[in-house]
**Q** 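I have a structure here, written as structure tokens, and I will follow up with some questions on it.
Note on naming: letters A, B, ... go to the chains in the order of the sequence lines (proteins, then strands), and numbering restarts at 1 for each one.
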There are 2 protein chains.
Amino acid sequence: MKPSVVTIEPNGHFCSDCGVRGSAVCSSLDAAELREFEHLGRRVHFSSGETVFSEEDITTSFYNVLDGVMRLYKLLPDGRRQIVGFALPGDFLGMNLSGRHNFSADAIGAVTVCQFAKAPFGRFIEDRPQLLRRINELAIRELSQARDHMVLLGRRSADEKVAAFLLGWRERLLALKGPSDTVPLPMSRQDIADYLGLTIETVSRTFTKLERHGAIEIIHGGISLLDPARVEALAAA
Amino acid sequence: MKPSVVTIEPNGHFCSDCGVRGSAVCSSLDAAELREFEHLGRRVHFSSGETVFSEEDITTSFYNVLDGVMRLYKLLPDGRRQIVGFALPGDFLGMNLSGRHNFSADAIGAVTVCQFAKAPFGRFIEDRPQLLRRINELAIRELSQARDHMVLLGRRSADEKVAAFLLGWRERLLALKGPSDTVPLPMSRQDIADYLGLTIETVSRTFTKLERHGAIEIIHGGISLLDPARVEALAAA
DNA sequence: GGCCAAAATTGATCTGGGTCAATCGCATTT
DNA sequence: AAATGCGATTGACCCAGATCAATTTTGGCC
């Protein structure tokens, strides 16, 4: 998907009533700082499938996800793809040492981000260690998730991968949408396969198997967890 | 391997002539800060196979690797192991949000670390944003490595995994020991297998295959890269 | 040097998940 | 409502890498 026209809201928003105020990178700022911060970011909308940034791009901006879901992925030269994560509201993207994004990110469905130009954002952090500390926390949390995912990719069976994915995804949505056994899956089967190191066919077959066993029900745009305990047992935590 | 008696040097060292002074977390400190910092850490030695900390342990210390190699790993309840990384001199271990180490670490061969009690170290960081920034850099670098490793685990063949491992390991040693086509491999075949998401047999066979093709020579305690270009081609970067 | 245990290699066989190939089920478009 | 087209499902078959099973090599240690 090539980037197309995006909608930019010139400045009709306030950080103070932003949906991710409490959980995002900006949760470390007080009211006074927030008013200054407000001028650094601009809301940008992306529609389904649009690429927000690419692996080889030079980093000119950081992004704070406000709404929607993004897939973060790396490609091998021959086209094989590994999705390294899904970004949700509150996630902060763009930190790197090389000066280039080291993965690509595109929108799954409509996405709104808060975009910060790199230089001014860097200057703003400079004398605000609280913000740096918050960014560090987010990085450490991601690192922990990354290590968990390595275990999944390297050492789990297809059944375990799929079961762990469903539970993990539900867990992430819990913080955003509250508890529910109905788990929306906005990403495609191909996305799930590329996240789990499987093929689309294996994901599909595993879903069907879980449904036949009464553990889940496949519904439009997601699944329903009929027997969470059984799925947890399969995930073999 | 169970922890046994470790040797602690009461205080016969100086940060200023520490081997990792330039690359580790302490590279962000000036000479004055360094003298204060010196009192926070103590050198601790571990012998081959000893566990430095375990996954479920409550974090009471941070560690700066000074010498030697460590394996960092997570275990599944049934004993399957995934090595999430190897730590080398200059690496900083122990950061987490949960208050517990989320992986285990043990010594491969003799290891020396600089150990910091969590609370005093935290206090020392408090008013030194440079140090925090350095820690953040290290975390971001690790995150990038973690994502690369996810691609390897999820989307590469056994041959590609082994070839990429040999090149990646050589690359890491380059910064420490200078360039060389002789690559020491202090870790066991089992460690390599658990790092690459393979079995020990597959690692062994792949080494043998690479040797038969004249790409490498298996030597005592490591390999020699006879044909780096060919290995790079196999790694399919 | 000789003995023992652990690590590594090699071979034979098996299988989980990949590959290839239809088919199905929708949502759009005409 | 027929045509289109894409994502998802299902089936048949295959193969890379796992498993099982011997050796062989290496490294202490008396």
**Q** Across the strands shown, which category fits Gly197(A) at heavy-atom distances under 4.0 angstrom: base, sugar-phosphate, nothing?
**A** sugar-phosphate
**Q** Quick check for you: among dT9(C), dT19(D), dA8(D), whose closest atom lies nearest to any side-chain atom of Thr199(B)?
**A** dT19(D)
**Q** Side chain of Glu201(B), heavy atoms from C-beta onward: which of dT10(C), dG17(C), dT9(D) has the nearest atom to it?
**A** dT10(C)
**Q** What integer distance in Å separates His220(A):NE2 from dA8(D):C1'?
**A** 13 Å
**Q** If you only use heavy atoms from C-beta on, which nucleotide in dT9(D), dA8(C), dG18(C) is closest to the side chain of Arg189(B)?
**A** dA8(C)
**Q** Round to the nearest Å and state the distance from Ile223(A) atom CD1 to dA8(D) atom P.
**A** 15 Å
**Q** Could you give the CG-to-P distance, from Leu198(A) to dG17(D), as a whole number of Å?
**A** 15 Å
**Q** Separation of Ile200(B) atom CD1 from dC20(D) atom P, in whole Å?
**A** 15 Å
**Q** Nearest whole angstrom, please: distance from the C1' of dG7(D) to the CD1 of Ile108(A).
**A** 15 Å
**Q** Donor-acceptor check, side chain of His149(A) to backbone of Tyr195(A), threshold 3.5 angstrom: yes or no?
**A** yes
**Q** Taking the side chain of Ser204(A) as heavy atoms from C-beta outward, which of dA27(C), dA8(D), dA8(C) is closest to it?
**A** dA8(D)
**Q** Consider the side chain of Arg205(A), meaning its heavy atoms from C-beta on, and name the nucleotide among dA18(D), dG18(C), dC20(D) that approaches it most closely.
**A** dG18(C)
**Q** Mark yes or no for whether Arg21(B), through its side chain, and Cys15(B), through its backbone, hold a donor-acceptor pair below 3.5 Å.
**A** no
**Q** OP1 or OP2 of dT9(C) versus the side-chain N and O atoms of Thr208(B): is any pair under 4.0 Å?
**A** no
**Q** Would you confirm whether Arg155(A), through its side chain, and Leu75(B), through its main-chain N or O, come within 3.5 Å as a donor-acceptor pair?
**A** no
**Q** Give the rounded distance in Å between these two atoms: CZ of Arg155(B) and C1' of dT19(C).
**A** 13 Å
**Q** Is there a donor-acceptor pair closer than 3.5 Å between any side-chain N or O of Asp91(A) and the backbone N or O of Leu93(A)?
**A** no
**Q** Is the side chain of Arg172(B) donor-acceptor paired with the backbone N or O of Phe86(B) at a distance under 3.5 Å, no angle test?
**A** yes
**Q** Could you state the atom-to-atom distance from NZ of Lys209(A) to P of dT10(D) in whole Å?
**A** 13 Å
**Q** Between atom CZ in Arg156(B) and atom C1' in dA16(D), what is the gap in whole Å?
**A** 17 Å
